[in-house]
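Below is one structure; the comments refer to it alone.
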Amino acid sequence: MPKLTILRYPDPRLHKIAAPVATVDERIRRLVDDMLETMYAADGVGLAATQVDVHERVIVIDTSEARDDPRVLINPEIVARSEEMRVSDEGCLSVPAIYDKVERHARVTVRALGRDGQPHEFEAEGLQAVAVQHEMDHLIGKVFVEYLSQLKRDRIKTKMLKKSRDEDAD
């Protein structure tokens with residue numbers, strides 16, 4: 001399975017809105033498998049198809065300690081949110097080595113299709129709730145740094161562009 005290339009902020013493709021998946025077929029299952037391989041190789045807990053330049057509503061998440069409990073969310077939707085909010089440090093595979101505090105709902109109920117195309121619903125809390133909300137933001141073209149102040153976003157953008165230039169020079 002090929003490892004996919006993760007887009008880096010401020011790549012404009014990260015702001016594209018993902019289209020719903022019409023059919024969970026072999027192409028989508030291959031995408032899911034490639035996304036899981038890519039996420040694990042990058043030591044992430046979640047990855048949205050948008051981050052690998054595929055603009056369809058597909059997310060993979062694994063917040064387990066042992067990294068052996070992948071969750072596949074195709075056409076996910078949040079059907080319930082807790083009123084309680086939590087602030088936690090977030091990072092993103094598209095914004096490597098950058099972490100900052102973001103406020104999110106403490107619990108969410110999610111409905112999605114699995115890798116097999118069957119619908120399922122589950123309640124997420126803690127890190128899993130953060131990961132679901134973070135990855136779903138990617139599907140609407142939003143990167144977590146957009147929750148930060150303009151000053152912080154500008155600094156992160158400058159740092160990421162410099163890092164890309166330095167890597168291209170190597």
Side-chain angles (χ1 to χ4, degrees), residues 3-18 31-32 34-55 57-73 76-78 81-110 112 122-170:
K3 194 172 102 178
L4 305 169
T5 301
I6 298 172
L7 299 177
R8 284 224 185 130
Y9 180 80
D11 191 308
R13 294 172 289 180
L14 288 168
H15 299 291
K16 285 187 179 180
I17 295 175
L31 172 64
V32 163
D34 289 350
M35 286 174 61
L36 283 166
E37 180 184 340
T38 302
M39 177 189 73
Y40 288 128
D43 201 27
V45 297
L47 186 66
T50 300
Q51 293 176 269
V52 293
D53 203 20
V54 176
H55 303 284
R57 295 183 57 81
V58 178
I59 292 171
V60 296
I61 292 173
D62 188 346
T63 56
S64 67
E65 285 278 322
R67 313 287 290 136
D68 62 355
D69 188 22
R71 196 174 277 274
V72 175
L73 308 175
E77 56 182 312
I78 294 177
R81 295 169 173 81
S82 67
E83 286 187 30
E84 179 188 356
M85 304 294 282
R86 289 229 172 96
V87 175
S88 58
D89 269 340
E90 284 190 34
C92 180
L93 294 177
S94 292
V95 194
I98 303 292
Y99 298 88
D100 213 315
K101 297 195 177 317
V102 176
E103 183 178 50
R104 301 218 183 247
H105 295 276
R107 284 175 307 290
V108 292
T109 303
V110 182
F122 66 98
E123 187 170 301
E125 58 185 325
L127 178 58
Q128 190 176 58
V130 170
V132 165
Q133 293 169 86
H134 176 108
E135 299 308 332
M136 286 185 70
D137 276 353
H138 280 298
L139 299 181
I140 59 169
K142 189 170 185 174
V143 180
F144 93 99
V145 298
E146 293 172 47
Y147 288 98
L148 308 178
S149 70
Q150 186 64 50
L151 177 63
K152 283 186 177 182
R153 281 198 308 272
D154 290 345
R155 285 182 177 161
I156 291 167
K157 185 176 186 177
T158 300
K159 186 183 277 189
M160 296 304 295
L161 289 170
K162 181 184 181 319
K163 190 175 192 171
S164 289
R165 278 194 304 274
D166 291 349
E167 287 171 356
D168 289 347
D170 289 342

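In this structure Asp43 satisfies the salt bridge (Lys or Arg N to Asp or Glu O under 4.0 Å) test with no other residue, sequence neighbours excluded. Under the side-chain contact (heavy atoms from CB on, under 4.5 Å) criterion, Thr109 pairs with Val79, Ala80, Glu121, Glu123, not counting sequence neighbours. For Tyr40, there are no ring-ring contact (aromatic ring centres under 6.0 Å, His included) partners at least two apart in sequence or on another chain. By the side-chain contact (heavy atoms from CB on, under 4.5 Å) test, Ala41 is found to be paired with Lys3, residues two or more places apart in sequence or in another chain being considered. For His134, the ring-ring contact (aromatic ring centres under 6.0 Å, His included) partners at least two apart in sequence or on another chain are His138, Phe144. Under the side-chain hydrogen bond (donor to acceptor under 3.5 Å, both in side chains) criterion, Asp166 pairs with Lys162, sequence neighbours left out. Taking the side-chain hydrogen bond (donor to acceptor under 3.5 Å, both in side chains) definition, one finds that Ser94 meets it with Gln51, sequence neighbours left out. The side-chain contact (heavy atoms from CB on, under 4.5 Å) search around Glu65 returns none, not counting sequence neighbours.
Residue pairs meeting the ring pair (Phe, Tyr, Trp, His ring centres under 6.0 Å) criterion with at least one member in residues 149-170, sequence neighbours excluded, do not occur. For residues 84-98, the set of pairs meeting the salt bridge (charged side-chain N to carboxylate O under 4.0 Å, His left out) definition, not counting sequence neighbours, comprises Glu84-Arg86, Glu84-Arg107, Asp89-Lys101, Glu90-Arg104. Applying the salt bridge (charged side-chain N to carboxylate O under 4.0 Å, His left out) definition to pairs two or more places apart or across chains, those involving residues 145-157 are Asp100-Lys152.
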Side-chain donor-acceptor pairs of residues 66-73 under 3.5 Å, sequence neighbours excluded:
residue: Arg67; atom: NH1; partner: Gly44; partner atom: O; Å: 3.4
residue: Arg67; atom: NH1; partner: Asp62; partner atom: O; Å: 2.5
residue: Arg67; atom: NH2; partner: Gly44; partner atom: O; Å: 2.2

